[in-house]
Structures are given as structure tokens and as C-alpha cells.
Peer 1: 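This is the structure, below, for whatever I ask next.
Here the structure is a predicted model, which is why all the values come from computation and not from measurement. Every chain is numbered from 1, with letters handed out A, B, ... down the list of sequences.
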Amino acid sequence: MLEKTFNPKDVEDRLYQAWEKSGAFRAGNRPDATPFTMVIPPPNVTGSLHVGHALNNTLQDVLARFERMRGKDVLWQPGTDHAGIATQLVVERQLREAQTSRQAMGREAFIKRVWEWKAESGGTITRQQRRLGSSCDWSRERFTMDEGLSRAVLKVFVELYRQGLMYKDTRLVNWDPSLQTAVSDLEVENIEIKGNLWHLKYPLADDAETFIVVATTRPETMLADQAVAVHPDDERYKALVGRMVRLPLTGSLDPIIADEYATAEKGSGAVKITPGHDFNDYEVGKRHGLAVVNMFTPDAKLGADVPEAYRGLDRFVARKKIVADMEALGLLEKVEQVTHAVPHDEKSKSVELEPMLTEQWYLNVKPLAEKAMAAVRDGRTKFIPQRFEDEYFRWLEDIRPWCVSRQLWWGHQIPAWYDADGNVFVAESEAEALAAARAKHGRDVVLTRDPDVLDTWFSSALWPFSTLGWPDATPEMKRHYKTDVLVTMFDIIFFWVARMMMMGLHFTNEVPFHTVYIHARVVDEKGQKMSKSKGNVVDPLTLIEQFGADPLRFALAIAAAPGKDLRMGPGRVEIYRNFCTKHWNAARFCEMNGCVRAAGFDPARVGSAVNRWIIGELVRTKAEVTGALEAFRFNDAAGGLYEFVWNVYCDWYLEFIKPVFAGSDEAQKAETRATAAWVLDEMLRLMHPFTPFITEELWRVTGEQGPARARLLIEETWPDYAAIARDVAAEAEMNWVKTLVSEVRSVRAEMNVKPSDKLPLVLNTPSAREREWLQRHNDLILRMGRLESAVSGDSFPKGAAQIVAGEGDAGLTLEGFIDFAKERARLSKDLKKAEDEVARVDQKLGNANFIS
RNA sequence: GGGCGAUUAGCUCAGUUGGUAGAGCGCAUCGUUUACACCGAUGAUGUCGGCGGUUCGAGCCCGUCAUCGCCCACCA
């Protein structure tokens, strides 16, 4: 006998282990079947599961289990990402707490330390994915710094280099002074902050009493100024173009130049040009042949190229001092308050990035982007929802070279070696590099390896094929690439999706996936973005602990309407915990009534209307769920199931069959038991992709073979009801019955009659008020009496009917009633439509104003 | 500055080719009848953000305005 409620804690672990042990999640179980492949967006190896992961994993697991049940050979490829910056930061923090640093340890020891940390904490997130029920093929788990994946990275880098797409360049780059590394354009977050716009007076070189005023938000950079620019058409300054200013504080001479970049309306109309520390100024400098002076050290303190008084100062300290000094010289004209966007690192959002002139490795992604755009344009890869394609195009259309080198230690070290003269040798191994160097010099030379590592997203970009064994021609590569669906969130379309498209097409000539499903962001129950600082982070593990994995999964799936924020919290999950209990109790009811699947039961040959009807409803639901899942409408699929389980199966069907079980018609009882069991059984299968644990556990209740069947659930096929025709008669009949029952219930409620009371009880002692009601609803109650007796098998309470009707049986037989029901259903649907159409045409003709 | 999305019951949200406005929660009333109180029955509640247009008919299509959110952008 089942307990009154489902206890997820008792079963989740046991069931998951049984699944995994049985090899049910393994790809390759069905060599003849169509493959279905997804790669998981690899979470940070040292991270833990947040509710966004939970959504992402749930949706993929729904698809994986659905396709597996449909008979496909599913590979859901799991793994983790080494997450260069994030992981290095975590370990560095630990070192700080231990009073040491990576610099003190040295590179080799530090990397060893990170691997240790990975070994220690790397299992956390995959354990948590298991708790959620994710049916990944764990036997194929990969890590971006695995030997095989690293080999793919080397090969890709070297090939891109040989193709001339990967190159070193010295240019301005976004520099993180805290981490002391370059970051890519995508990793910059512009944050609006309130600041000052200082108007500085620069005296002319040959006339110290005449000034040109420049406005700047970054006065400290004036120490590296190389010019003052004005717009060529700006009448105010035309005469000054070509003359020199003497830069205060440094005394150097800078030309006043005319450049379109300056806007007369902005600031004072004249702008200081600092090619070393501003992307625009850098371009202006190139046009005018200005020098590029770097005035900062890597940690953004003032360096050797500034007057001694400022050397070693932090940039913000220097800013204050320079403003004060300028003011003391009478060269500060005014200060305006402005809000302006300042580039910050997107991780902590607390470090102001500095444009810095450094040498870095760049990948010219332009030609790759062309192919990536073409693939989406001609439909080889589709985005759902489609509007994300526009965003994808917009970014790829004006894509700039990708700065792929990072001045970190944790990551794939760049496979480039240098000789003493600075010649570079790019090769997949040191031996190859040495050989190349020997060939060049005619003798053995000593090489040093480039100390930098690659952007984490470089290896992620290869994920769909590197995990399958590329560059080797593995059977998995052949069978599972391209993959089918990528399920991810919109915030990494540029970081990851676009780059996978580019790399995939470039190296395999095939798109990495035919569909990209973009799901929403999960926010808290109040609609606030979750953040640690706000303390409103919803922890999926707490929710699993509290309610179970199934309710969380169902809550996520049913809320997953494409492209909208998705609110999540305990309240939401509780609703679906209740739903799971309801589902559980439906099975419990079946168990109590001996509803066991009967051997040889044929749903197409059921006799009674109630049973024919519920089978029809099931068939309809299955079609709805299947269609919804095929279209990635998870909310519709889950919603349809919710409706069927609760409002159709429990609220109507189980209520209808109670009188049957209480009655004496043994043949009908047997049929009804078999039907109830069969429908429950099928329902469990439809529910399984969403709530795998409870369905697996309940499965044994309805199965002839007991618990041994449980293990097999996910290997069973998705229900196929092709042989069952839609039973319109049963549908119409039951709809009519339901309507009547509702009407009667409403009458009873209004009359204050207990549902348990038989009608005759009321009729024997009618009050005046009751008598009035009975008169008004005479006809209804007559029919109801008929129906109840038809459903329950009891004899029709003739006496009661006579009392009600006052004139004996109205002569309505059940058959006559069903005909009436059908007629009414037909009329209310088809005829209504036809009549409307006729009326519409009539009206049109009437309005047409024919000439007779 | 550009682009996108949202605006539907008190709250949170569905609503896929335009055809009688839906769900859950909450609320009110009643109820422990062969599963389930993590339950059941019944009920109340909507100028579908405003205005204009197309149509026999608009929550849905078009235009416009308002408010909120997100993304992108080199503006001093």
C-alpha cells in the first residue's frame, strides 16, 4: 500500500543510482536507432548548481528522456569548463587566506594547486546535476582541459595561425589592472556612474595668456596627451589649428589638430587626445601620426613617463592631485557634473578597465563570421525564439578581431615559442617548435614558451566537436556531429553560441547544431534579478531538499515560456509538489481498487462511455504533449499534462468510476479497473520526462511484474496510439454529462444539499424553497437521475422522479439522451460555425448594394 | 543614441495562423462522500496600458503615445 504522500528523499537517490548503474543514460544502446545529441553548456568546474543551471538542465533532460522514450539513441554530453579567470581567482583567494600568493609559489606549483582544487570541488556540480535527475551520459564526461580537448585547442590554434587568421598585434586593449590581464570586448561592462567633467585650460605655446579649453572626465590622462583636436568646420577654433599648446604640468608641446572626431557641440568643442589611453584617441593619433604614450604601469599606477611628482601614484589619487594642481595654476575653468558610461570588468563590476597598449594574440574572426551568418541565414541553424537571430547577426556583422590571449596561468598555454631574437614558432608541441627553429637557424636554439593562456571561451567554442573526439575521426564524431539542439540562455549568444558556430563551421564544415533553444533568465519570486549581494539567490538544492526534484523540475518546465523572465521560489515549487501528491494519490486510488494492468487489454475495444472517453482524452493529451515538445513549447507540454492529470483524470474520471466500483456489475468493474490502470500507466510515461522520480516509483504500482519493471521506464517507448481512433460519441456524451453534473452541483450547492444525500431524501421532505427549486430544475434533475443510475449501474429511482416530475417518468431513455447529447454537441460546434458563416455572407451580400 | 521585449483578474502569468477572454495562487461560501486538506464543490473579479486604423469581427494585425525592463554603442 502506498503512503499518503510521496517522499522524494526516500527514492530519488536510489532511483538515480539504479538508472545510472543500468547504463540507461549511455549513448550507443541502440546502434540502429536515429541518434539524438545535445552537448550540455559546461558549467564552471568549481561552481555549484544555481537555479539557472536547474532550468537549463531540466529542459535538456525533458528532451533527452522524451527522445530516448521515442526510441532514439540519445547522447547528452556532459562536462565542465575550466573557467580561467573565475577559477584562478578562487584559488588565489585561498592562497591569500593562507598568507601566500601565486607569485610566491611560482607557476608550476600554482597550476598544481588549481588541479588539486579541481579534484576537490570539481565533483560538486555534477553531483548536483544528478540530484536534479539529469540523464547525461556520465561515462563520457569531459573537461575543457582534458588531454583530448587540449589537443583540439592546440590544433585549432596552430591551424588558425598557419591560415594567417591568428596573429600578434600591439594595439589598445581593455586591460584589467586588478587581474593584470587583457580581456575581450565582450567582457567589458559599461556602467553608468556619476562623475565630473573637468574643463581644463591649456595655454598656447607662443601666447601663455591665450587658452584653449578641453573638457575631460579623465584629467589624469593629460600627462600622456599628444594633441588637442577640434572639428575642421568649427569657426571658433579655425585660426588655432596648426598652432601648439604647452601642456601644463609636463611642459610638452602638443599640436592643435583638426579632426572630424571632435564635435563642436560636445564639451568645449576641443578635445584632448591621449592615444595611449583612449580607443578613439588612438584612432585619431593614427590619422595624425601622434606618438602613443603609455603612462601607466600594469596595475594602473603612474609610470616612468610622467613628471616625478606623480610617479607611483594610483590613477585615482593622481586624478585628484592633477585637478588640484591645475586649479592652483588657475587652469581649471569649471567642473560639471555628468553621468557617463565607464568600462568595468563584468565579473566583479568593481574594477575600472584601462585601455592599455599591449601586445596580444588576435584572431581575425571576420571570415569565420561570414560563414556563421550564412548558416543561420539559410536555415541550417535555427534559433528559437527566432528573434535572437537578429541579435546574432547584429553582433557578427561588425565583429572585431578577438583578443584571445590572457595574462593568466590557469588555462591552455599558448603554443608559441620564441627564440632569443624574438622569432615566433607556433607548433603543436615544443619538439615541433624546436625543429622549426633548428631549420631556421641551422642549429639548435633555446626557445621560451609564450607565458600567456587562451581565453576560456576559446576552448568552449570547440565543445560540440572536441567532446566527441575531434580531431580524431572517432565513431562518435561521425554519428553524433552535428548535434541536434543546443539549450542555453541569451546572455552567452555572443560569448559562446556564435563562436561555436564559427569554429564548428571552420573546422568541420558543418554547423555544430541545427537548433538553438534560448531559454529565459530565472529571477526571484518578486521578479528581481538574483544576486549574492541582494541575498535573494534561490538555491535549487534547498528547493529539492524541501520539496523534491520533480516539483522543482515541473515548476521550471511549466514556467519556461520562451524569452521571458521566469520567477522561481519556494511558493512556485510548492504548487507542483501538491501536484505530485495529487498524481501520487491517483495511483493510490487505483491501487486501493485493484486497478492492475490486465494482460491483453485492448484500449480500442472498451465498451462503456466513461472508459472510451478517458482513453480518448489520453490520446488527445499525448498528441498535445508530443507536439509541444517537438516545438520546444515546454510550458504547453507541462500545462497540458497538469490539466490532464488533475482536472481530467482525477477530477472527472476517478469520480465517475467510484459508483462503478461501488456497484454490482462485475464485467463493467473489470473493464473499468483495467482501463483506469492502463490510462494511469500511460499517463506516467507522458509525465516521465518532467517528473522522472515519482513516475518511476509509481510505475511499479500498475505493472504486473512489480518493482523489476521500474528500471525500464526510460527505455520504454513513448506511447503510440495510432490504433485508437478518436471516439467522438464518447466525447460528446461525456461532455454533456459533465455539463449536467456541473449544473446539478451548482443547484445542489445553492439548495444546500449535501452531495452525499440521495435526491429522494430531499424530495421526501421538501421545504417551500426546495420545492420551488425542484420545480425550476425539474427537467435537469430528471435527467440527472437517469445519468447517475446509468453511470453507477444502480436502478433508476423511479419514485423520486415521479415526485419531482409530478407526472411520472418523462420517457427519456439513456439512448435517447445520448442522441440528444450528440445532436447538441454537433449543433453547438459545427452548425454554429456554419450558421455564423451563412450569417456573415448574408450580411456581406446585404451590404453589397447590388444593382437590380 | 540605436535595437528588442513587456504591459491581460488583487498577485504571478498562459493565450501559435483574427471568431463566445483562461490557469495557478489569493478571496468568499459550503463540505472530511471509496485516493488526496499538499483535498473537493460552488462562486465573485477583466473598458486585455492609452488613442487611432484595417476587418463582418481585434488581446492577437498596422500606426502612435505612455510606463517598465534588457541588449548594443567610441563619445570628451
Side-chain angles (χ1 to χ4, degrees), chain A residues 2 4-6 186 190 197-200 214-218 221 228-229 261-263 265-274 278-284 338 340-341 343 355 385 387-388 390-391 394-395 398 490-491 493-494 521 523 525-527 529 547 551 558-559 561 563-567 569 571-572 574-593 627-628 631 633 635-636 639 642-643 646-647 650-651 654-655 657-659 661-662 741-742 745-750 752-757 832-833 836-837 839-844 846-847:
Chain A
L2 291 172
K4 266 187 149 181
T5 54
F6 173 54
L186 275 179
N190 289 308
L197 185 61
W198 287 275
H199 291 249
L200 306 177
V214 297
T216 179
T217 54
R218 302 211 47 198
T221 61
V228 172
Y261 165 64
T263 314
E265 294 76 38
K266 290 269 165 61
S268 61
V271 57
K272 64 195 266 311
I273 300 297
T274 320
D278 185 286
F279 289 97
N280 294 308
D281 294 6
Y282 184 76
E283 295 302 318
V284 175
V338 289
H340 60 130
R387 66 186 149 85
F388 288 108
D390 294 337
E391 221 167 295
R394 192 162 44 76
W395 187 68
D398 45 30
F490 54 81
D491 63 343
I493 290 178
F494 308 145
R521 180 200 308 273
V523 296
E525 262 172 327
K526 293 185 198 118
K529 199 167 156 178
F547 301 107
I558 204 166
K564 283 193 69 174
D565 280 357
L566 185 160
R567 300 189 184 204
R572 302 283 171 138
E574 189 181 3
I575 293 167
Y576 299 103
R577 189 272 317 267
N578 296 352
F579 173 59
C580 285
T581 305
K582 188 74 181 175
H583 190 191
W584 179 265
N585 274 287
R588 188 160 176 263
F589 175 86
C590 288
E591 187 192 35
M592 289 169 69
N593 284 286
R633 296 195 316 259
N635 56 329
D636 287 346
Y642 186 95
E643 160 84 14
W646 199 313
N647 303 117
C650 291
D651 285 351
L654 294 187
E655 293 304 323
I657 65 176
K658 279 175 185 174
F661 290 149
V741 171
S742 292
R745 276 173 182 162
S746 136
V747 169
R748 279 172 159 162
E750 232 174 309
N752 221 352
V753 178
K754 289 186 178 182
S756 54
D757 292 341
K832 178 93 171 36
K833 264 209 142 129
D836 288 354
E837 189 62 22
R840 189 193 140 203
V841 171
D842 280 350
Q843 188 172 350
K844 265 208 161 152
N847 291 343

Peer 1: For A:Arg588 and B:C36, is the shortest distance between a side-chain N/O and OP1 or OP2 below 4.0 Å?
Peer 2: yes
Peer 1: Taking atom C1' in both B:A9 and B:G49, compute the distance separating them and give it to the nearest angstrom.
Peer 2: 15 Å
Peer 1: In dot-bracket form, 5' to 3', how is RNA chain B paired? Count Watson-Crick and G-U wobble pairs only if both distances fall under 3.5 Å, and write | where the partner sits on another strand.
Peer 2: ((((((((.[[[[.)...(..]]]].(((((.......))))).....[[[[[..)....]]]]])))))))....
Peer 1: Hey, does A:Phe661 reach any base, or is it just sugar-phosphate, or nothing, if we go heavy atoms under 4.0 Å?
Peer 2: base
Peer 1: Taking atom C1' in both B:C25 and B:C68, compute the distance separating them and give it to the nearest angstrom.
Peer 2: 24 Å
Peer 1: I want to confirm an ordering. Mapping A:Ile575 and A:Cys650 to their closest nucleotides on RNA chain B, which one lands closer to the 5' end?
Peer 2: A:Ile575
Peer 1: State, with a plain yes or no, whether a side-chain heavy atom of A:His340 is found less than 4.5 Å away from one of A:Leu197.
Peer 2: no
Peer 1: Of all the nucleotides listed (B:G15, B:G5, B:C74), which has the minimum atom distance to the side chain of A:Asn635?
Peer 2: B:G15
Peer 1: Distance check, rounded to the nearest 0.5 Å: A:Leu566 atom CG versus A:Ile558 atom CD1?
Peer 2: 11.0 Å
Peer 1: Any chance you could measure A:Cys580, atom SG, to A:Ile575, atom CD1, to the nearest 0.5 Å?
Peer 2: 12.5 Å
Peer 1: Measuring only between side-chain heavy atoms, which start at C-beta, is A:Phe6 closer than 4.5 Å to A:Thr581?
Peer 2: no
Peer 1: Which part of the nucleic acid, if any, lies within contact of A:Cys580, taking any heavy atom under 4.0 Å across all strands shown: a base, the sugar-phosphate backbone alone, or nothing?
Peer 2: nothing
Peer 1: Base, sugar-phosphate alone, or nothing: which one does A:Asn190 contact when heavy atoms must sit under 4.0 Å apart?
Peer 2: nothing
Peer 1: Have a look at A:Tyr261 and say if it touches a base, only the backbone sugar-phosphate, or nothing, with a 4.0 Å heavy-atom cut-off.
Peer 2: base
Peer 1: Can you check whether A:Ile493 reaches A:Trp395 side chain to side chain, under 4.5 Å on heavy atoms?
Peer 2: no
Peer 1: Return the 5'-most residue of the pair A:Trp646, A:Tyr642 with respect to RNA chain B, ranking by each residue's nearest nucleotide.
Peer 2: A:Tyr642
Peer 1: Under 4.0 Å from OP1 or OP2 of B:C39: is there any side-chain N or O of A:Asn585 that close?
Peer 2: no
Peer 1: Please tell me which of the listed nucleotides, B:C71, B:C75, B:C74, lies nearest to the side chain of A:Arg394?
Peer 2: B:C71
Peer 1: Counting only side-chain N and O atoms of A:Arg567, is one of them less than 4.0 Å from OP1 or OP2 of B:C13?
Peer 2: yes
Peer 1: Starting at CG of A:Asn578 and ending at P of B:A23, how long is that distance when rounded to a whole Å?
Peer 2: 18 Å
Peer 1: Which part of the nucleic acid, if any, lies within contact of A:Arg218, taking any heavy atom under 4.0 Å across all strands shown: a base, the sugar-phosphate backbone alone, or nothing?
Peer 2: nothing
Peer 1: Please work out which of the three classes, parallel, tilted or perpendicular, describes the rings of A:Phe490 and A:Phe388, given edges at 30° and 60°.
Peer 2: parallel
Peer 1: When all nucleic acid strands are considered with a 4.0 Å heavy-atom cut-off, which category describes A:Ala262: base, sugar-phosphate, or nothing?
Peer 2: base
Peer 1: Measure CG/A:Leu2 against P/B:C36 and give the value in whole Å, please.
Peer 2: 12 Å
Peer 1: Check every strand shown and say whether A:Asp390 touches a base, only sugar-phosphate, or nothing at a heavy-atom separation below 4.0 Å.
Peer 2: nothing
Peer 1: According to ring-ring contact (aromatic ring centres under 6.0 Å, His included), who are the partners of A:Tyr576, at least two apart in sequence or on a separate chain?
Peer 2: A:Phe554, A:Tyr642
Peer 1: Dump the intermediate steps for salt bridge (charged side-chain N to carboxylate O under 4.0 Å, His left out) on A:Glu591 and A:Arg588, then the final yes or no.
Peer 2: CA-CA 5 Å; A:Glu591 187 192 35; A:Arg588 188 160 176 263; 5.7 Å; no
Peer 1: So if I take every side-chain heavy atom of A:Thr581 and compare against B:C75, B:C38, B:A37, which nucleotide ends up nearest?
Peer 2: B:C38
Peer 1: Pick the P atom in B:U7 and in B:C61, then give their distance to the nearest Å.
Peer 2: 11 Å
Peer 1: The side chain of A:Thr263 lies closest to which of these nucleotides: B:A35, B:C75, B:C70?
Peer 2: B:C75
Peer 1: Has the side chain of A:Ser268 got a donor or acceptor atom that lies under 3.5 Å from a matching backbone atom of A:Ala270?
Peer 2: yes
Peer 1: Taking atom P of B:G15 as reference, at what distance in whole Å does atom CD of A:Glu643 sit?
Peer 2: 16 Å
Peer 1: B:G24 and B:G43: how far apart are their P atoms, nearest whole angstrom?
Peer 2: 13 Å
Peer 1: Taking B:G19 as the reference, what is the distance to B:A58 when you measure between their C1' atoms (whole Å, please)?
Peer 2: 10 Å
Peer 1: What about A:Arg577: does its side chain form a donor-acceptor pair under 3.5 Å with the base of B:C38?
Peer 2: yes
Peer 1: So A:Lys582, base contact, sugar-phosphate only, or nothing? Heavy-atom distance under 4.0 Å.
Peer 2: base
Peer 1: For B:G53 versus B:C71, give the span between their C1' atoms, rounded off to a whole number of Å.
Peer 2: 32 Å
Peer 1: For nucleotides B:A37 and B:G31, find the distance between their C1' atoms and express it as a whole number of Å.
Peer 2: 11 Å
Peer 1: Looking at A:Glu655 and B:A35, is any side-chain donor or acceptor paired with a base atom of the opposite kind under 3.5 Å?
Peer 2: yes
Peer 1: Out of B:C38, B:U16, B:A41, which has the shortest distance to the side chain of A:Asp636?
Peer 2: B:U16
Peer 1: Mind checking whether A:Ile657 and A:Phe589 have side chains closer than 4.5 Å, heavy atoms only?
Peer 2: yes
Peer 1: Could you tell me how far B:C48 sits from B:A14 if I compare only their C1' atoms? Round to whole Å.
Peer 2: 13 Å
